[in-house]
Amino acid sequence: MLNGPVFSPMQTPARKQQVFSFATLAPIAKAFYARDAVTASRELLGKILVRKEHGRIRAGRIVEVEAYLGINDPAAHAAAGKTARNFVLFGPPGHAYVYFIYGNHYCLNVSCEPEGKAGSVLFRALEPVAGLAEMAGARGLESDLKRVSQVRLLTSGPGRLAEAFGITRERDNDKDLTSIASDLRIVDDGFRPEKIVRTPRIGITKAAHEELRFVIAGNAFVSKRAVD
DNA sequence: TTATAGATTGCCT
DNA sequence: GGCAATCTATAAT
């Protein structure tokens, strides 16, 4: 196991970083994603999103996600059917679906369900594990992070984590996260959350009552608008 | 062709 | 807590 779920200021980024060797971090396999979005959401909590760029690793533990279902979920981009924008949702499982929102932010999903059926998991918050200085640089923040409140600004929120990992539609949309050749992947270090909390999704108006948001209970890096 | 809402964030009061 | 920023997709004219 790499690190527990709670960030400790005593664990410096350098100490955390030496634990990682990108080549040995096998991406989670395609079959993992070929399931419904609710199951995939629960299973993804505690896994680690990893980016390799310029020989450096950025990694963050997944602590908050939301499930978006297929054509019957009014809040899902798949609701309108397959389009040039959302085709990834209908494609093979384990691919990155990246969209641009509010003229300012990218958001990252991973496609679920077998090919032909839509469904995805939105990444809403990560707990930084490695490459914190790189994340801070990408976010335009001070790299000398002393407090948890500062580290939270790196990846607590879907737009924030995308920026921290340099995720864009042009670069990452439809990327196969299960490929050994991918610079963006999700890995399993054996960590399992003690408790998962289920709540309504955040920031949507359609089907807002559906409880399809999942968070690791008590984790300090869950996005601010959280309603546990 | 024009209008509007959107799976957000950060700054201002 | 309110609201501007700023682009895209989709609905309305």
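First the proteins, then the strands, lettered A, B, ... as listed; each starts at 1. If you're wondering where the values come from, they're calculated on a predicted model, not measured in any experiment.
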TODO: May I ask you to verify if any side-chain N or O of A/Thr205 is less than 4.0 angstrom from the OP1 or OP2 atom of B/dG6?
DONE: yes
Task: Atom pair distance, as rounded to whole Å: CZ in A/Arg139 and C1' in B/dT8 - done: 11 Å
TODO: Please report, rounded to the nearest Å, how far the P atom of B/dA7 is from the CG atom of A/Leu122.
DONE: 10 Å
Open item on the list: Output the rounded distance in Å from CG (A/Leu154) to C1' (B/dT8).
Closed with: 17 Å
Task: Any-strand Watson-Crick or G-U partner of C/dT6, both distances under 3.5 Å - done: none
- [ ] Look at the side-chain N and O atoms of A/Arg124 and state whether any lies under 4.0 Å from the OP1 or OP2 oxygen of B/dT8.
- [x] yes
Task: Among C/dC7, B/dT8, C/dT6, the nucleotide that comes nearest once only the side chain of A/Phe100 is considered - done: C/dC7
Task: Side-chain donor/acceptor of A/Asn104 to base of C/dT6, under 3.5 Å - done: yes
TODO: Counting Watson-Crick and G-U wobble pairs only, both distances under 3.5 Å, name the nucleotide matched with B/dA7, or none.
DONE: none
TODO: Using modelled atom types only, decide if a donor and an acceptor are shared between the side chain of A/Asp174 and the backbone of A/His95 within a distance under 3.5 Å.
DONE: no
TODO: Check whether any side-chain N or O of A/Glu64 sits under 3.5 Å from a backbone N or O of A/Ser223 as a donor-acceptor pair, and report yes or no.
DONE: yes
Task: Protein-nucleotide distance (A/Tyr102, atom OH; B/dC11, atom C1'), rounded to Å - done: 17 Å
TODO: Please figure out whether A/Ile101 or A/His77 has its closest DNA chain C nucleotide nearer the 5' end.
DONE: A/Ile101
TODO: Kindly state whether the pair A/Tyr99 / B/dA7 counts as stacked, where counting means centroids closer than 5.5 Å and planes tilted less than 30° apart.
DONE: no
Task: Matching residue for A/Glu66 among A/Arg124, A/Arg42, A/Arg198 - test: salt bridge (charged side-chain N to carboxylate O under 4.0 Å, His left out) - done: A/Arg124
TODO: Starting at atom CG of A/Leu141, determine the distance to atom P of B/dT9, rounded to an integer number of angstrom.
DONE: 13 Å
Task: Test item: A/Asp172 side-chain N/O and A/Lys175 main-chain N/O as donor-acceptor pair under 3.5 Å - done: no
Open item on the list: Rounded to whole Å, how long is the line connecting atom CG of A/Asn173 with atom P of C/dC7?
Closed with: 19 Å
Task: Whole angstrom value for the distance that separates P of B/dG6 from OH of A/Tyr106 - done: 21 Å
TODO: Please confirm whether the backbone N or O of A/Leu25 pairs with a side-chain atom of A/Arg185, one donor and one acceptor, at under 3.5 Å?
DONE: yes
Task: Rounded distance in Å - CD (A/Glu163) to P (B/dA7) - done: 19 Å
